[in-house]
Amino acid sequence: MWDDPRFAGLLRLLRAAMQPPPGAGRIALAMVLGLSTHLIFGLAVLAMIVAMFFGLSESFGRVPQPYAWAANIALIVQFPLAHSLFLTAKGSRVLARLVPGPHGATLATTTYALIASVQLLALFTLWTPSGIIWWRAEGVALGLVCTAYAASWLVLLKASFDAGAEVQSGALGWMSLMARIAPRFPDMPTRGLFRIIRQPIYVAFALTLWTVPVWTPDQLLLAVSYTAYCLLAPRLKERRFAVRYGARFADYRARTPYAVPRISSHDPQ
């Protein structure tokens with residue numbers, strides 16, 4: 001297990017961060033940004049789980065109608081818009097300058113995770129519920145749906161680990177700064193769920209949108225919008241991979257389905 005690059009890279013980073021070279025200012029910056037990122041990340045995930053469990057029927061937003069739907073749509077749009085823009089070449093340069101001083105580029109992955117976490121926290125806490133509930137699971141149906149919902153989140157967790165836990169959580173940047181080393185990104189993910197499909201993170205997130213026990217117009221709007229994003233946005237990611245990894249990615253793409261697992265046929269002959 002410890003030879004697995006998914007474990008090896010993370011352990012190497014942890015060991016380096018736990019024995020940082022001298023530099024009080026650098027260490028303080030890394031720890032403050034790292035702890036802030038992980039705290040807000042955790043709150044954002046908790047807000048997502050709880051808000052979608054209730055079909056977005058419970059939240060703190062109180063925008064009056066007829067402006068509430070416009071505000072909710074703006075909350076939906078702001079996340080994928082910034083999430084995708086910061087991954088472009090120009091967006092990456094902007095991201096590297098958001099932290100003043102010489103460490104902005106090293107902290108870019110942490111800054112990216114922090115911004116995404118704030119965006120998701122805003123989306124799921126500031127949503128203004130419509131007050132309309134179409135369906136609420138009860139009895140056996142509630143148990144089945146809750147099991148599917150929990151399983152979807154576990155699949156998302158597994159897919160994030162397979163993609164590189166240090167990058168997905170934002171730890172790569174601040175831990176690299178602590179250790180005073182250049183961030184070392186994981187290799188192109190092809191293990192775990194990435195053996196089955198090329199975009200398991202996006203597929204798993206889409207599954208969380210559709211396995212909720214309460215259905216409202218709010219949840220349907222969110223599910224349709226973000227499922228479309230989960231199907232289309234990875235095309236941009238794959239363009240970057242094609243440039244970065246060349247023939248390796250072309251071969252991987254040729255043998256691995258995009259989002260729907262391939263059902264292999266077995267010839268008894």
Side-chain angles (χ1 to χ4, degrees), residues 1-49 82-83 86-89 91-121 153-195 200-201 204 237 240-241 243-245 248-249:
M1 180 181 74
W2 304 117
D3 293 333
D4 188 320
R6 292 169 297 179
F7 288 100
L10 183 58
L11 288 175
R12 182 168 53 247
L13 182 63
L14 285 169
R15 291 193 190 101
M18 290 175 65
Q19 298 176 334
R26 186 195 79 256
I27 293 172
L29 174 62
M31 292 189 67
V32 168
L33 193 59
L35 291 174
S36 300
T37 298
H38 296 320
L39 174 62
I40 297 175
F41 179 85
L43 291 174
V45 171
L46 179 62
M48 290 168 63
I49 293 173
H83 201 65
F86 279 129
L87 291 176
T88 64
S92 297
R93 291 192 292 270
V94 172
L95 194 64
R97 293 196 294 266
L98 289 180
V99 176
H103 304 304
T106 300
L107 289 168
T109 55
T110 301
T111 308
Y112 182 80
L114 176 60
I115 292 171
S117 298
V118 170
Q119 289 182 285
L120 288 173
L121 186 61
W153 280 101
L154 289 175
V155 172
L156 179 57
L157 180 64
K158 175 64 164 62
S160 299
F161 170 76
D162 291 337
E166 62 270 40
V167 175
Q168 301 301 317
S169 66
L172 177 62
W174 76 266
M175 286 190 178
S176 296
L177 183 61
M178 279 278 290
R180 205 167 65 188
I181 58 177
R184 182 175 175 179
F185 285 82
D187 196 10
M188 183 180 77
T190 58
R191 294 170 178 263
L193 295 177
F194 285 87
R195 292 180 181 272
I201 291 179
K237 173 185 174 183
R240 296 193 300 272
F241 272 36
V243 173
R244 184 180 305 168
Y245 298 109
R248 283 184 61 206
F249 180 70

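If you're wondering where the values come from, they're calculated on a predicted model, not measured in any experiment. Note that the numbering runs from 1 along the sequence shown for the chain.
- Applying the side-chain hydrogen bond (donor to acceptor under 3.5 Å, both in side chains) rule to Glu166 yields no partners; only residues at least two apart in sequence or on another chain are considered.
- Looking at every heavy atom in both residues, Gln168 comes nearest to Phe41 through O-CE1, 4.2 Å.
- Residue pairs meeting the salt bridge (charged side-chain N to carboxylate O under 4.0 Å, His left out) criterion with at least one partner in residues 9-31, sequence neighbours excluded, do not occur; the list is empty.
- With sequence neighbours excluded, the residues satisfying ring pair (Phe, Tyr, Trp, His ring centres under 6.0 Å) with Tyr245 are Phe241.
- Distance check: Arg191 CZ to Asp4 CG gives 5.0 Å after rounding to the nearest 0.5 Å.
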Between Leu120 and Met48, does the side-chain contact (heavy atoms from CB on, under 4.5 Å) criterion hold? Intermediate values first, please.
CA-CA 8 Å; Leu120 288 173; Met48 290 168 63; 3.8 Å; yes

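- In plain terms, the two heavy atoms of Thr37 and Ser169 that are nearest each other are CG2-O, 4.1 Å.
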Result block: side-chain N/O donor-acceptor pairs under 3.5 angstrom for residues 105-115, not counting sequence neighbours:
from   : atom 1 : to     : atom 2 : distance (Å)
Thr109 : OG1    : Gly173 : N      : 2.9
Thr110 : OG1    : Gly170 : O      : 2.5
Thr110 : OG1    : Gly173 : N      : 3.4
Thr110 : OG1    : Trp174 : N      : 2.9
Thr111 : OG1    : Leu107 : O      : 3.0
Tyr112 : OH     : His83  : O      : 2.8
Tyr112 : OH     : His83  : ND1    : 3.1
Tyr112 : OH     : His83  : NE2    : 3.2

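- Closest heavy-atom contact between Ile27 and Pro21: CD1-O, 3.7 Å.
- Remark: Arg248 engages Asp187 in a side-chain hydrogen bond (donor to acceptor under 3.5 Å, both in side chains) (not counting sequence neighbours).
- Contact of the Lys158 side chain with the Leu193 side chain is registered, since non-hydrogen atoms from C-beta on lie closer than 4.5 Å.
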Would you tabulate the side-chain donor-acceptor contacts of residues 177-186 under 3.5 Å, counting partners in other chains and residues two or more places apart, or write 'none'?
none

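- Side chains of Ser176 and Leu13 form a contact here, defined as non-hydrogen atoms less than 4.5 Å apart.
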